[in-house]
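All values below come from the heavy atoms of this structure, side chains included, with hydrogens, waters and symmetry mates left out. Values in this document were obtained by computation on a predicted structure and should not be read as measured data. Quick note on labels: first sequence line is chain A, next is B, and so on, each numbered from 1.
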Amino acid sequence: MKLVVETLLREALNGLGSAQTTLDGVTIAVERTRDLAHGHFASNVAMQLAKPLRKSPRDIAKLIIDQLPASELLEKTAIAGPGFINFYLTDAAFHQELLRIRSSGAAYGHNDNGKDQRVLLEFVSANPTGPLHVGHGRHAAYGACVANLLSANGFEVRKEYYVNDAGRQMDILGLSTWLRLLEQAGNSLSFPSGAYRGNYILDIAAALQQQQPELSELPAALFTDLPADGPDGNADEHLDALIANANESLGSERFRGVIEFALNSILDDIKDDLGEFGVSYDEWFSEKSLSDDGAVQKALTLLASNNVTYEKEGAVWFRATDYDDEKDRVVVRDNGRTTYFASDIAYHLNKVDRGFNKLIDIWGSDHHGYVPRVRAGMDAMGQPSEILEVDLVQFVVLFRGSEKVQMSTRSGEFITLRELRQEVGDDAARLFFVMRSNEQHLEFDLDLAKSKSNENPVYYLQYAHARIASVFRELNSQSLGYDEALGIEQLSRLNAGQEKTLLVRLSQFPEMVELAARQKAPQHIVHYLKDVAQDFHAWYNACLFLEDEAELRNARLFLAQQTAQVMRNGLTLLGVSAPDSM
RNA sequence: GCCUCGGUAGCUCAGUGGAUAGAGCGUCCGCCUCCUAAGCGGAGGGUCGCAGGUUCGAUUCCUGCCCGGGGCACCA
């Protein structure tokens, strides 16, 4: 739609001969007006040309308007304010757009801006040491929406979950599980303060005991020679010694078996949870696989051959300060184990090797200091770090009415994503999570999300769609029938103010899809759909759809049908259902 | 101290350098003999944190300051 005006304007500017040379630095901005009194679109090009042409904006605007070619889509133009050129389009222009909605259907609003661009989108990637909590839900909802938006803009998107299945946390997970199993078998022991205390460990332990009852016997040596646990002693040292003892008494192969069992239980749970939430992945990428197949070593070798590593205090360091990071980073610890960071640069090297044009990582805002480090690693390996985009998601704070809900992973008493979904439903959770900018702290009101009232934005949007479906049901029950061809023929009958407003609104959808994808900002779609719903509800209250007169009735039904299509397309992008009845 | 996100109506927040800064909730007043009142119409409510700068034009961009969230590991 916007293209219509841009094309006309460009032709006019070309006809403006003398201005030609000065056009270079000027961007031809055509924008929707905020107020329909100013027309449908406006351009500030005359004001931009004022300086180079040494003429007043209004005079330039007049020159441009004189050069505008005639078009049946353009009703009139006007010069306004300091020198805006306002464009008023004809009804026919909007009727034409309505037909485009009809013919494009579910693809209306989509474009091919991202043609031939391959994107790897990595999101959530929560540690598989426990169930997903509410914050991960926001990451999941946001990431899935960004994927939908990019796909709608023609990008080829691959969604990936990086599974942190390596490192000390896996040992702690295995130890926690085994100790709980031992407790459940009747042994009394002192559970370490640094181990995972969540209730889900109890369930995993019980399932493991069922499968391997021989793990139930407490080895005499397990709790011997341990440094004191915290808070008086050192919780970390205590835990590490205990892990070493467990490895010893169980044998590393059987201990690894316990870890794998717990890991797979948790991972299955995460997959189910996200699947039910409507968030799917193309790949679950194992961190452990990077060290198993030599990718980490390859990355370290690459860094070494580029002379950006050195040894200090028994560890191997990456000279990140040469690449705009604030300090150098350890890649191999003094105990010989590689760091998480080493895996991560190997992972990004692997992503580049897979031939993507764009890498998008969605991380918690608490990881923002990590961004320059990864970029530094990519630069040092000779990789194009500019294809990496990191989007940060701020925290979620839960409220019940005006009361803040406490969440603490420490005590294991956090609200899981599953609990949240059960309480408020998947649709409400998906919408609430993307309603605000990802860079904004989110206050999530549980009471509001589950209230079945007009206060709840989820219902407001869905209700608009359901109302339209209801009209068509009522139509059938009154055996009136719907003649689409007649409706299309009679679109000029749509003269009510609410109808004109809605026609204009619907035509904005493709621009919103483009904007939301460019900014990776799904909240634009939410706000837009609220506007569509509001325009529709206003129309619904002002005009009767099931008019006796067939011409008007069918024209209105056609507009209602296309409104439902746009609502459906928008809700689909958000991962929210568009019900026919509520 | 450094990095980062924010400060817009009573509350929660939109706002892609433009015209009279918006929405929802809350408050107040109205609207169902008709397609779902899970809806609609109206009223009230603002020094866009403060001070400079760039610009024809700044809530928007830049700088400084004030206030708040978060982060600054040989954890992942």
Side-chain angles (χ1 to χ4, degrees), chain A residues 29 31-35 37-38 42 44 47-48 50-51 56-57 80-84 86 125-127 129 164 166-170 172 236 287 312-317 326-327 329-335 337-341 343-344 364-372 392 394-395 397 399 402 435-443 445 448 451-460 462-464 466-475 477-478 480 498 511 515 518-519 521 523-524 526-527 530-531 533-534 536-547 556-557 560 581-582:
Chain A
E31 287 179 342
R32 291 275 178 174
T33 56
R34 197 176 298 169
D35 186 345
H38 299 134
N44 63 358
M47 288 180 282
Q48 288 196 51
K51 206 165 200 179
S56 86
F84 290 105
N86 292 340
S125 300
N127 289 337
T129 54
N164 299 135
R168 181 166 176 264
Q169 59 173 355
M170 284 297 107
I172 300 174
D236 282 334
E287 178 192 352
K312 192 179 87 180
E313 295 161 4
V316 180
W317 297 69
E326 56 185 12
K327 49 180 104 162
R329 307 293 176 179
V330 172
V331 285
V332 185
R333 300 183 183 92
D334 55 9
N335 65 11
R337 294 180 76 164
T338 53
T339 57
Y340 175 79
F341 173 59
S343 298
D344 220 11
S365 59
D366 53 334
H367 285 62
H368 87 266
Y370 199 73
V371 179
L392 302 175
Q394 296 277 353
F395 294 137
V397 186
F399 280 82
S402 57
M435 227 163 38
R436 305 273 174 256
S437 160
N438 55 295
E439 295 177 348
Q440 192 87 231
H441 293 257
L442 177 67
E443 292 200 6
D445 187 336
L448 177 62
S451 75
K452 298 204 170 196
S453 75
N454 55 350
E455 298 166 27
N456 190 337
V458 184
Y459 289 94
Y460 188 76
Q462 292 184 325
Y463 184 43
R467 252 187 166 174
I468 295 169
S470 166
V471 167
F472 280 89
R473 273 194 303 275
E474 186 62 24
L475 177 77
S477 74
Q478 293 185 20
L480 280 169
Q498 294 86 352
E511 292 151 44
L515 175 71
R518 196 169 58 238
Q519 300 186 349
Q523 73 273 16
H524 288 304
V526 178
H527 292 298
K530 263 195 210 166
D531 288 339
Q534 184 160 21
F536 172 76
H537 288 309
W539 178 39
Y540 181 96
N541 271 272
C543 301
L544 197 61
F545 296 84
L546 302 180
E547 282 279 354
R556 284 184 171 161
L557 288 172
S581 68
M582 295 174 68

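- If you take atom P in B/rG71 and the same atom in B/rU63, they sit 25 Å apart, rounded to whole Å.
- Distance, A/Glu443 CD to B/rC11 P: 11 Å, rounded to whole Å.
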Mark up nucleotides 66-74 of chain B, 5' to 3', with B wherever a protein heavy atom is under 4.0 angstrom from a base atom, S wherever such an atom reaches only the sugar-phosphate, and - elsewhere.
---BBSSSB
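- Taking the C1' atoms as reference points, B/rA73 lies 41 Å from B/rG53, given to the whole Å.
- Between A/Tyr540 and A/Phe545, the ring planes lie tilted relative to each other; the angle falls in the 30° to 60° range.
- For A/Ser581, the side chain to side chain contact (heavy atoms under 4.5 Å, CB included) partners two or more places apart in sequence, or in a different chain, are A/Arg473.
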Is there a salt bridge (Lys or Arg N to Asp or Glu O under 4.0 Å) between A/Arg329 and A/Asp344 once you walk through the steps?
CA-CA 13 Å; A/Arg329 307 293 176 179; A/Asp344 220 11; over 6 Å; no
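- In this structure A/Phe341 satisfies the ring-ring contact (aromatic ring centres under 6.0 Å, His included) test with no other residue, sequence neighbours excluded.
- Take A/Asn127 and apply the side chain to side chain contact (heavy atoms under 4.5 Å, CB included) test, not counting sequence neighbours, and it matches A/Thr129, A/Asn164, A/Gln169.
- Listed by chain and residue number, nothing satisfies the salt bridge (Lys or Arg N to Asp or Glu O under 4.0 Å) test with A/Glu31 (two or more places apart in sequence, or in another chain).
- Taking atom C1' on both nucleotides, B/rA23 is separated from B/rA14 by 7 Å, rounded to a whole Å.
- Note: CG (A/Leu442) to P (B/rC5) measures 18 Å, nearest angstrom.
- In RNA chain B, consecutive stretches of 3 or more Watson-Crick or G-U wobble pairs with both distances under 3.5 Å are given as paired ranges: B:1-7 with B:66-72, B:10-13 with B:22-25, B:27-31 with B:39-43, B:49-53 with B:61-65.
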